[in-house]
Amino acid sequence: MKFRIPDRYHFLLLKLHSLTGIVPVGLFLVVHLAFNSLRTVGASQYQFGIDIINNIPFLILIEVFGIYVPLLFHSAMGFYLTFLAKPNIKIYRYPRNALYTMQRVTGAIVFVFLVYHVGTTFVPKMFYGKHLFEAAPFLIDIMNQEFETWGGRLIYLIGIFSATFHFANGLWGFCVSWGLIVGRNAQRNAGFAFAFVGLVLTFWGVATVWEFSVNPVSVEPNM
Amino acid sequence: MKKRNRKVIIIGGGLAGLAAAVRACELNMSVDMISYQPVKRSHSVCAQGGINGAMDTQGEGDSPEVHFYDTVKGGDFLAHQPLVRDMCHQAPAIIHLLDRMGVPFNRTSEGHLQFRRFGGTLFSRTAFAGATTGQQLVYALDEQVRKHESEGTVTKREWHEYLGAVVDDQGICRGATIHDLRTGKIFTLRGDAVILATGGPGNVYSRSTNSTVCTGAATTSAYLQGAKYANGEFIQIHPTAIPGADKLRLMSESARGEGGRIWVPRTPGDSRPPKEIPENERYYFLEENYPLFGNLVPRDVASREIYAVVYEQKMGIAGEAMVYLDLTHHRKEYLEDKLGGILDIYRKFTGQDPSETPMKIFPAVHYSMGGLWVDYEDDGHGMIDQNSVRNQMTSIKGLYAAGEADYQYHGANRLGANSLLSCIYSGLLVGRAAFNYSKSMDVASEDISSSVYEGEETIWNNRFEGMKRMNGKENPYSLHSELGELLLENVLIVRENSKLSSTLEKLEEIESRFKDVKCLDTTHWSNPMPSFINQLRCMIQLSKIITKGALLRNEFRGAHYKPEFDLQQPKNFDPHEYIDYLERTHYEEVNDSDFPEGHLDYMKRFQANNEKWLKTTIAQFKNNGPEITYDEVNTSLITPRPRKYD
Amino acid sequence: MKPISLKIKRQDGPNGRSYWQTFETPYRPFANVISCLQEIQKSPVTREGKKVPPVVWDCNCLEEVCGSCTMLVNGKVRQACTALIDNLEGPLTLEPMSKFPVVRDLQVDRSRMFENLKKTNSWIDIDGTHDIGEGPAIPDQDRATAYVLSECMTCGCCLEACPQFTLDNSFLGAATFSQVRLFNMHPTGATQKEKRLEAVMKEGGITDCGNAQVCVEVCPKKIPLTDSIAEMSRETSLLSIKKIFNS
């Protein structure tokens with residue numbers, strides 16, 4: 001890697017990398033999974049959730065500057081860091097090293113998954129100009145199609161698992177690299193706590209996938 | 001006259017070399033530092049126990065004068081006293097200095113320096129940083145040198161080897177010949193003074209507690225160039241080392257300082273596990289024979305006792321050459337905190353836990369009290385003139401030596417935790433001496449004709465080319481092992497003249513076999529083989545100094561033990577009687593009846609022996625071997641008297 | 001007993017190609033890797049009977065305090081002196097460390113580590129070596145923490161095993177961060193605290209740590225390197241936040 005970040009920006013950019021992973025990207029993940037899990041309660045509740053989001057003022061600005069830009073920045077820095085490194089889990093088989101390697105692998109998977117996920121949802125939505133109350137039935141139809149096949153379900157399960165793992169383990173990394181947890185015991189305990197957070201998020205995601213898969217329901221626009 | 005930046009070349013980056021570099025930098029000299037390896041890996045890191053300095057922080061009544069007395073007595077009065085006294089008086093300041101540099105010395109509850117007891121004294125005067133004090137001291141000084149290096153005053157040349165001094169036709173040292181161990185290139189460096197801080201020669205014995213670089217080649221090279229080598233026969237055998245195939249690893253005296261007890265089963269050949277042998281069936285021979293000092297008798301005494309128990313009384317553990325060093329009466333946590341580092345070494349190399357099983361140890365070659373003869377100048381009041389250019393100068397003008405490479409400070413036997421002190425003290429002293437010396441010289445090394453340097457380069461280039469062409473039958477590493485075995489067998493704790501003289505003959509044999517060595521590697525990049533052949537050449541010469549010195553010295557003094565010349569000190573003898581005796585002889589006749597039976601005879605023997613042998617052995621290279629003469633020792637401050645530790 | 005078989009990765013010089021040779025030495029109890037290499041020196045013949053130059057390696061103290069003899073034994077980084085043959089699975093493989101330039105055979109050049117210590121002002125700035133009395137009083141608990149950090153022998157195990165540390169990047173690595181922590185802890189050393197922190201806030205600095213935490217697993221001195229890294233992360237984070245508000 002010949003690319004260099006100038007020293008005066010290096011610390012700032014890497015700190016931002018770590019921070020953007022939590023806020024806003026990580027936060028978005030949580031909100032996204034939470035709203036999606038409304039589908040497990042019922043299609044109309046889910047639709048209601050989408051409607052709320054779609055009626056937020058200046059949504060496109062929030063989406064671009066609050067999600068896509070930070071996400072792309074986080075991904076770019078992530079790839080930069082990954083290419084600086086030389087994983088060695090085959091030789092040094094320690095749990096933390098495995099998590100370290102997984103973090104990079106899941107990061108890459110999530111990136112690819114997001115390209116797919118955004119490409120099948122957000123892009124068509126923009127393309128067809130579905131705004132306000134039209135979006136929900138449109139998106140729900142798309143999702144119903146996505147979950148029709150085992151292939152589609154598998155893609156989402158892998159995507160969700162990668163994202164929740166990347167986020168939960170990233171939370172731990174964030175706490176360490178900002179110096180919030182320092183001692184060995186504190187780091188270990190935090191590891192368990194964040195693993196629990198990851199499990200909860202994964203459960204949310206899997207439950208949503210399940211609901212979509214076994215119970216595809218179309219909805220009409222609310223007015 | 002143009003103001004010049006004076007230049008000193010320091011060979012060796014152990015404690016003495018680093019201390020000299022720091023001092024020289026402070027005096028605005030530019031320093032070239034030569035070392036086999038990164039200086040942080042020097043042998044000084046192996047020192048474990050601590051560094052002595054009498055600060056009497058525990059209200060025991062200790063003082064630098066008592067430290068001085070203990071050191072001189074421990075060295076059997078063979079050390080020049082003003083130098084020892086000055087060192088002991090500066091010891092507290094040196095420890096404070098190290099403390100300021102950030103050495104993590106163990107602390108008292110109030111946050112001050114903590115001290116522990118060491119061999120040869122009754123006082124707690126050893127400051128320590130866990131069980132790796134030497135390592136911590138090297139690191140602290142290394143960091144100071146690194147600071148100077150980053151400021152540009154020190155140029156470190158690591159992976160370089162000193163081959164010899166550049167001496168001009170006036171006999172003045174003007175620089176050094178250096179061998180780049182990577183490129184194999186031989187070149188000279190100009191220097192207004194050269195300091196040899198190259199450590200000890202333990203590897204002459206092949207297996208010792210020394211690191212692999214401690215070959216004594218640099219000091220021997222100076223001797224071969226005409227410098228005097230002094231007290232070579234005084235080799236300290238450390239009583240407690242872990243036997244091993246590649247190395248005899250040191251088990252620090254601090255193990256005994258923290259209450260470690262040495263014992264063997266009372267029944268010879270008893271093969272029960274140590275923990276199953278009841279207290280009354282254990283023979284704590286040091287405690288029984290030396291009730292006052294117990295396990296903390298000086299090293300020479302302890303080594304001889306262990307040797308006697310194993311070889312004369314045949315009481316080694318299960319018939320083998322080993323005795324127990326027992327710490328199992330302490331709590332595990334206590335041991336970890338105080339001795340963690342050294343117990344780890346034992347664990348790693350034997351697989352046994354010293355907090356559960358007593359350690360098995362045996363004496364090993366550890367330190368050379370002897371070394372290059374160096375001068376000093378006292379101030380007429382029993383201390384040292386700090387500004388004298390003579391301090392630490394060898395018999396070659398402009399060539400200095402410090403640390404284990406010199407022969408001062410320890411006499412016939414070194415006390416534990418005095419080596420770190422003497423290294424730093426002599427390092428600081430030599431830094432100043434080299435500065436004053438280079439200032440005093442009218443001609444700087446820069447002005448010396450380059451032919452002087454070129455000549456020296458040619459000599460060494462030819463020598464190395466010659467060594468690379470050596471194509472005989474002997475493997476140099478095997479020959480080295482043989483040399484070591486020969487010395488271990490004959491020039492160790494107990495010395496006999498018949499064995500010593502046959503050893504001298506065998507050394508001649510080894511020397512002639514050396515001519516038939518094969519250089520197994522003739523490549524040009526990072527090839528250690530020619531270097532090693534050169535070191536072996538030096539080690540053979542050094543063995544001759546040690547063996548011949550031992551052969552000629554017909555007495556028992558400190559680490560040099562010849563049973564046939566033991567003066568047989570009466571059991572109930574009190575050293576003060578001897579002072580009394582000396583005083584009385586000044587003004588009256590003394591009679592047998594004035595002293596307990598046999599004592600007067602003993603004291604007369606002692607006095608006569610001192611008149612003959614209380615002298616520094618001086619070896620000079622003549623006719624391909626050492627010519628031995630003897631020099632007076634400065635005993636102006638403390639009257640030499642019989643040693644006694646029970 | 002079966003002879004000890006050692007498969008050794010050799011390289012004639014920094015730019016040479018590496019190749020493997022296998023040697024055999026007689027079994028001896030308590031033998032370590034170094035004593036085997038010493039035996040090879042005495043008779044440098046490969047298993048196939050080919051006479052070769054003896055293997056070149058670095059070592060010095062042989063009791064794991066100097067750090068010289070660090071190499072890969074059976075693929076993993078450690079000191080060769082404490083590598084007892086009885087505790088290792090044969091046939092043994094020896095390789096030079098992979099994250100530092102090879103000099104020859106098992107010798108590597110670790111000067112990068114020492115340069116890093118220079119970059120981070122890893123020393124205590126004292127006024128001079130003259131006698132100016134006692135150093136600062138330090139609680140023994142603080143001394144105990146410092147002592148553990150100060151046992152670092154710059155062997156490079158932590159860097160060899162670190163996935164973020166490679167031959168051609170500029171990562172400072174755990175050993176350096178831990179030294180910064182050590183000097184910043186000291187009452188006198190603390191006078192240069194910010195200077196040291198700023199030195200680890202550049203490219204290759206503390207932010208480039210990926211928390212794989214292999215360093216702490218392979219450290220032969222059991223130095224709490226990950227604590228040091230987290231501690232330095234905290235200090236640098238606080239410093240940068242402080243700078244935002246105080247500049």
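Below, read A as the first sequence line, B as the second, and so on, with proteins coming before strands; counting in each chain starts at 1.
For the atom pair OG (S478(B)) and CD (E39(C)), the distance works out to 8.0 Å, reported to the nearest 0.5 Å. Remark: K348(B) NZ to N87(C) CG distance equals 12.0 Å, nearest 0.5 Å. Note that CD1 of I424(B) is 11.5 Å distant from OG1 of T129(C), once rounded to the nearest 0.5 Å. With rounding to the nearest 0.5 angstrom, the CD atom of Q11(C) is 11.5 Å from the OG atom of S526(B). To the nearest 0.5 Å, atom CZ of residue F114(C) and atom CD of residue E158(B) are 6.5 Å apart. Taken to the nearest 0.5 Å, the CG atom of L62(C) stands 7.0 Å off from the OG atom of S211(B).
Both the backbone and the side chain of L117(C) have a heavy atom closer than 4.5 Å to some heavy atom of chain B. For T522(B), no part lies under 4.5 angstrom from a heavy atom of chain C. Only the side chain of Y139(B) has a heavy atom closer than 4.5 Å to any heavy atom of chain C. Both the backbone and the side chain of C81(C) come within contact range of chain B, judged by heavy atoms closer than 4.5 Å. Proximity to chain C is absent for every atom of E474(B), based on heavy atoms less than 4.5 angstrom apart. Contact of R143(C) with chain B is made through backbone and side chain together, with heavy-atom distances under 4.5 Å. When heavy atoms are compared at a cutoff of 4.5 Å, Y36(B) does not approach chain C at all. Contacts between I138(C) and chain B at a heavy-atom distance below 4.5 Å involve backbone atoms as well as side-chain atoms. For S109(B), no part lies under 4.5 angstrom from a heavy atom of chain C. For L149(C), no part sits under 4.5 Å from any heavy atom of chain B, backbone or side chain.
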Distance-only check: which donor-acceptor pairs under 3.5 Å involve side-chain atoms of residues 90-104 of chain B, not counting sequence neighbours?
unit_1  : atom_1 : unit_2  : atom_2 : d
Q90(B)  : NE2    : D86(B)  : OD2    : 3.3
D99(B)  : OD1    : R107(B) : NH2    : 2.5
R100(B) : NH1    : H130(C) : O      : 3.3
R100(B) : NH2    : G128(C) : O      : 2.6

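Dense packing is recorded around NZ of K118(C), with more than 12 heavy atoms of other residues, nucleotides or ligands lying under 6.0 Å away.
Checking N15(C), D12(C), V56(C), V103(C) one by one against W525(B), the side chain to side chain contact (heavy atoms under 4.5 Å, CB included) holds for a single residue, V103(C).
Considering every non-hydrogen atom in both F30(C) and F349(B), the closest pair reads CD2-O, 4.1 Å. In terms of heavy atoms, W123(C) sits closest to S150(B) at CH2-OG, 3.4 Å. For D140(C) against T108(B), the heavy-atom pair with the smallest separation is CB-O, 4.3 Å.
Counting heavy-atom pairs closer than 4.5 Å to chain C, the top residue among M529(B), E110(B), K147(B), K247(B) is K147(B). Among the candidates P29(C), P44(C), G133(C), the residue making the largest number of heavy-atom pairs closer than 4.5 Å to chain B is G133(C). Ranked by non-hydrogen atom pairs under 4.5 Å with chain B, the options C61(C), S35(C), G13(C) are led by C61(C). Taking I34(C), I126(C), L182(C), D131(C) one by one and counting their heavy-atom pairs under 4.5 Å with chain B, the maximum is reached by I126(C). For the options C155(C), S150(C), G135(C), heavy-atom pairs under 4.5 Å to chain B are most numerous at S150(C). Contact tally against chain C (heavy-atom pairs below 4.5 Å) for N106(B), T132(B), L520(B): the top residue is N106(B). Residue with the most contacts toward chain B among G67(C), P187(C), S111(C): G67(C) (heavy-atom pairs, distance under 4.5 Å). Top candidate by heavy-atom pairs under 4.5 Å with chain B, chosen from Q141(C), H186(C), K221(C), E134(C), is E134(C). Most heavy-atom pairs under 4.5 Å with chain C: of the set R146(B), Q114(B), H112(B), this distinction falls to R146(B). Of the listed residues T350(B), N475(B), T209(B), V138(B), the one with more heavy-atom pairs under 4.5 angstrom with chain C than any other is N475(B).
Between the side chain of T212(B) and the backbone N or O of C59(C), at least one donor-acceptor pair lies under 3.5 Å. Formation of a donor-acceptor pair under 3.5 Å by the D521(B) side chain with backbone atoms of P54(C) is not found in this model. Side chain of Q135(B) to main chain of E151(C): a donor-acceptor pair is present (N/O by atom type, distance under 3.5 Å, no hydrogens or angles). Checked by atom type and distance alone, the side chain of R41(B) pairs as donor or acceptor with a backbone atom of M153(C) at under 3.5 Å. No donor-acceptor pair under 3.5 Å is formed between the side chain of E63(C) and the backbone N or O of I345(B).
In this structure Y477(B) satisfies the ring-ring contact (aromatic ring centres under 6.0 Å, His included) test together with F532(B), sequence neighbours excluded.
With a 4.5 Å cut-off on side-chain heavy atoms, R104(C) and N527(B) count as touching. Counting heavy atoms from C-beta on, the side chains of R110(C) and P38(B) never come closer than 4.5 Å.
T154(C) and K40(B) form a side-chain donor-acceptor contact under 3.5 Å, judged by distance and modelled atom types alone. Q37(B) and D58(C) share no donor-acceptor pair across their side chains, judged by distance under 3.5 Å alone.
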